[in-house]
Structure formats: structure tokens, C-alpha cells
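Everything on this sheet refers to the single structure shown next.
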Amino acid sequence: MPELPEVEVVRAGLERHVVGRTVERVEVLHPRPVRRDPGGPEGFAAALSGRVIEGARRRGKYLWLPLDGGDALLGHLGMSGQMLVQPRDAAPERHLRVRMVLDGPRELRFVDQRMFGGLSMSPGGAELPPEIAHIARDPIDPAFDDAEFVARLRRRTSGVKRLLLDQGLVSGVGNIYADESLWRSRLHGERPGDGLTRAQAWELLGHVRAVMGEALAQGGTSFDALYVNVNGQSGYFDRSLDAYGQEGRPCRRCGTPIRRVAFMNRSSFFCGVCQPVPRRRRVRPATAAVPD
DNA sequence: CACCTCTCCTGCAGGC
DNA sequence: TGCCTGCAGGAGAGGT
């Protein structure tokens, strides 16, 4: 379950270990991870073979490798995806889905148990794949526009947790970091965006950024190995979480047991005292039409 | 557009 | 022991 810090660690590893290499041959072992490729498994393999990898970039939880000729290899790790740089003769992993044999002794492997993730060729996508042009920048990105985010958040009527998970508004925030940021901000996730004060929205952004930064600082130290790995063990499971997964445990601020509720086919964890459930939005009285 | 729900996929935990 | 159900969850598809 890589969140943004883990994806950034993978990006950095790819930058170090595969940039400058040529993809000599591609083997697609399961069609699902390349389902988004317009050419299907065969087209994907053919289009990628022979290309030189010129970089390793990221937008939110998407990764892409710009290739010679202006195209890109676009990837998403989904829930359980890994990018591994392995010796060619290393034993295949249980959930190995795509092998990309590089010049030199190694190959890039896409391993994914649940196959929510995937790879695809993005024609003309070297600078920014058009498939992900709608994904917002993340709060760690130096070009992230804080004031714009706050303004947009405060115009939306959805609950603020739903908004944090909207990758078009801000990227890189998953269920875990959303719950942690809201706990730190003492905000309930159902509070509508347009019900937040300016100060609350700014504080929330600060906490989102802090949670990500802490995880990034932790995860970034343990991936200096030859192969790049994301297995869910890194980063946030070592951190002590204040809300996510803490059902029944006392809130670290007030001691009240953390609650868990169903939300968007998953769960939300929060402190019912520090993060009170919002009252139902006041029904605005109909404004009388004023004749000109 | 904004908003919301459904869906994809596998492995594991828990109940009986 | 083994079957069944529920759960984890990013983000696209599609409805209103």
C-alpha cells in the first residue's frame, strides 16, 4: 500500500538504477497490468523494446520514465505494486507480471499481487503524460500552490476527507495520511470544505505536508540498495499512527477511544471528541428574488 | 463541471 | 479442516 513517500523512494531508486539503460526485451506475463495500454500486451512490449530510459519522474502516485523519442513508460503501483531491479537470472517473484530486460546484467521487474497497478506506454508523454494531466501536484512538490489549494478546498461542498482523497485537488494523499492529517487538525472528515475557515484549511494543509514529510524522511533512508523495493513494510507502519487503524485505542490527546466508521467502501478512524461529527448543514432560507 | 457510487483484484483473518 | 464472508484501497467509469 504505497503512499506518496514510498512512491517517491521508488522514483529515486529508478533514477539511480535504470536511467541511461536501454530496454532490450519485454515480457508481459499477465495481461491485466498493461490493460491501459492502447496496444495490448504485444503492442506494449513492441513499443517499449529498444527504447532508452532518459529519466524517472513522478506526479502524485504516478511514475513515468521518459524515453528517447518523447514517449514515456507510465506506471502506477496501485495497492501492492513493486518495481524491482534484479539480476537477469534471479528467481522470478511469485507475482512477477512484467519483465523488462535491460542492457547490462540486470532487468526491471514489475511485481504486483493484486494488480490494481499497471504499466502503459504514453505516446508523447515524456514531459507529462496526457493520461495524468488531470492529477494535481502533491504538497511536497515545490510548485504546489498553497493558496490555490486552500481557495479551491473552501469552494467545495464535499466532506474534507473526500476532498483530500480527490487527486485532482491534491495528489498523494491516501486513506492513512488523510486520517492522520485530520486527527492532527482536529477536523472531522465529513466537515464540508466550504465550512472550513481560512485558518483551518491552512492548518490542515500544513499537517498533510508534515505527515508526508515525516514518512518520507523515514522511508528515504532504507532504500539505498541495488534493487528498489516497496513492500508495505517501509515508512508508515514503523511510525506510530494516531488515528488510522487505532480503533478502540485511547486518543493520544484526550484518551477517548478512537472510532471507526465505514467510508467510501473503506474505513475512517477519528476521535469523536477532538474531531466532533459536524452538525447537519444549516438549511439556508430561500433568498427572496429582488426585482431590479 | 461537481458530486457520488460502484468496480476491479488477491490474500488473509475470522466465524462456524 | 475447509468453506464462506468481509476487508484492504487508488482511481477510472459512469450515473445524476
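Chain naming here is simple, since letters A, B, ... match the order of the sequence lines and numbering starts at 1 in each.
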note = Contacts satisfying salt bridge (charged side-chain N to carboxylate O under 4.0 Å, His left out) that involve residues 37-50 of chain A (not counting sequence neighbours) are none

task = Would you give the length of the straight line joining atom OG of A:Ser185 to atom CG of A:Leu164, rounded to the nearest 0.5 angstrom?
result = 8.5 Å

request  = Answer yes or no: does atom CZ of A:Arg259 have more than 12 heavy-atom neighbours from other residues, nucleotides or ligands under 6.0 Å?
outcome  = no

ask   = Over its full length, what angle do the end axes of the helix from B:dA2-C:dT16 to B:dC16-C:dG2 make, each axis taken from five pairs and the result rounded to 10 degrees?
value = 40°

request  = Give a yes or no on this: more than 12 heavy atoms of other residues, nucleotides or ligands lie within 6.0 Å of atom CZ of A:Arg249.
outcome  = no

remark   = Letter by letter from the 5' end, nucleotides 8-14 of chain B scores (B base, S sugar-phosphate only, - none; protein heavy atoms under 4.0 Å) BBBS---

Exercise: do A:Glu93 and A:Gln82 side chains pair donor with acceptor under 3.5 Å = no

task = Only pairs at least two apart or in different chains count here, so list each salt bridge (charged side-chain N to carboxylate O under 4.0 Å, His left out) that has a residue in residues 76-92 of chain A.
result = A:Glu24-A:Arg88

message = Determine whether a donor-acceptor pair (N or O, by modelled atom type, separation under 3.5 Å) exists between the side chain of A:Asp103 and the backbone of A:Thr22.
response = yes

message = Mind checking if A:Phe263 touches a base, just sugar-phosphate, or nothing, with heavy atoms under 4.0 Å?
response = nothing

task = Sort and list the pairs that fulfil side chain to side chain donor-acceptor pair (under 3.5 Å) and have at least one residue in residues 119-130 of chain A, not counting sequence neighbours.
result = A:Arg57-A:Glu127, A:Ser122-A:Glu131

task = Have a look at A:Arg260 and say if it touches a base, only the backbone sugar-phosphate, or nothing, with a 4.0 Å heavy-atom cut-off.
result = sugar-phosphate

I'd like a table of atom pairs between the protein and nucleotides 14-16 of chain C - only N or O on both sides, under 3.5 Å - with the distance next to each one.
none

key: ring pair (Phe, Tyr, Trp, His ring centres under 6.0 Å) partners for A:Phe44, two or more places apart   = none

request  = Please write out which residues are connected to A:Phe270 in a hydrophobic cluster, directly or through intermediates, given that two of Ile, Leu, Val, Met, Phe, Trp, Tyr count as joined at side-chain heavy-atom separations below 4.5 angstrom.
outcome  = A:Val261, A:Val277

task = For A:Leu163 and B:dC3, give me the distance from atom CG to atom P, rounded to whole Å.
result = 7 Å

key: Qualifying residues under salt bridge (charged side-chain N to carboxylate O under 4.0 Å, His left out), relative to A:Arg253, sequence neighbours excluded   = none

task = Can you tell me the distance, in whole Å, between the CZ atom of A:Arg155 and the C1' atom of B:dC3?
result = 16 Å

inquiry  = Please enumerate all residues that pass side chain to side chain contact (heavy atoms under 4.5 Å, CB included) together with A:Arg209, with sequence neighbours excluded.
reply    = A:Pro139, A:Ile140, A:Phe144, A:Asp146, A:Leu205

task = Residues of residues 166-175 of chain A with any non-hydrogen atom less than 4.0 angstrom from an atom of DNA chain C: list those, numerically ordered, please.
result = A:Gln167, A:Gly174, A:Asn175

Phosphate-side-chain proximity, A:Ser267 and C:dA8, N/O vs OP1/OP2 below 4.0 Å = yes

query = Under 4.0 Å between a side-chain N or O of A:Arg162 and OP1 or OP2 of B:dT5?
reply = yes

inquiry  = If the cut-off is 4.0 Å, is A:Tyr177 near the phosphate of C:dG10, judged by side-chain N/O to OP1 or OP2?
reply    = no

ILVMFWY clustering at 4.5 Å (side-chain atoms), partners of A:Tyr62 = A:Trp64, A:Leu74, A:Leu128, A:Ile132, A:Ile135

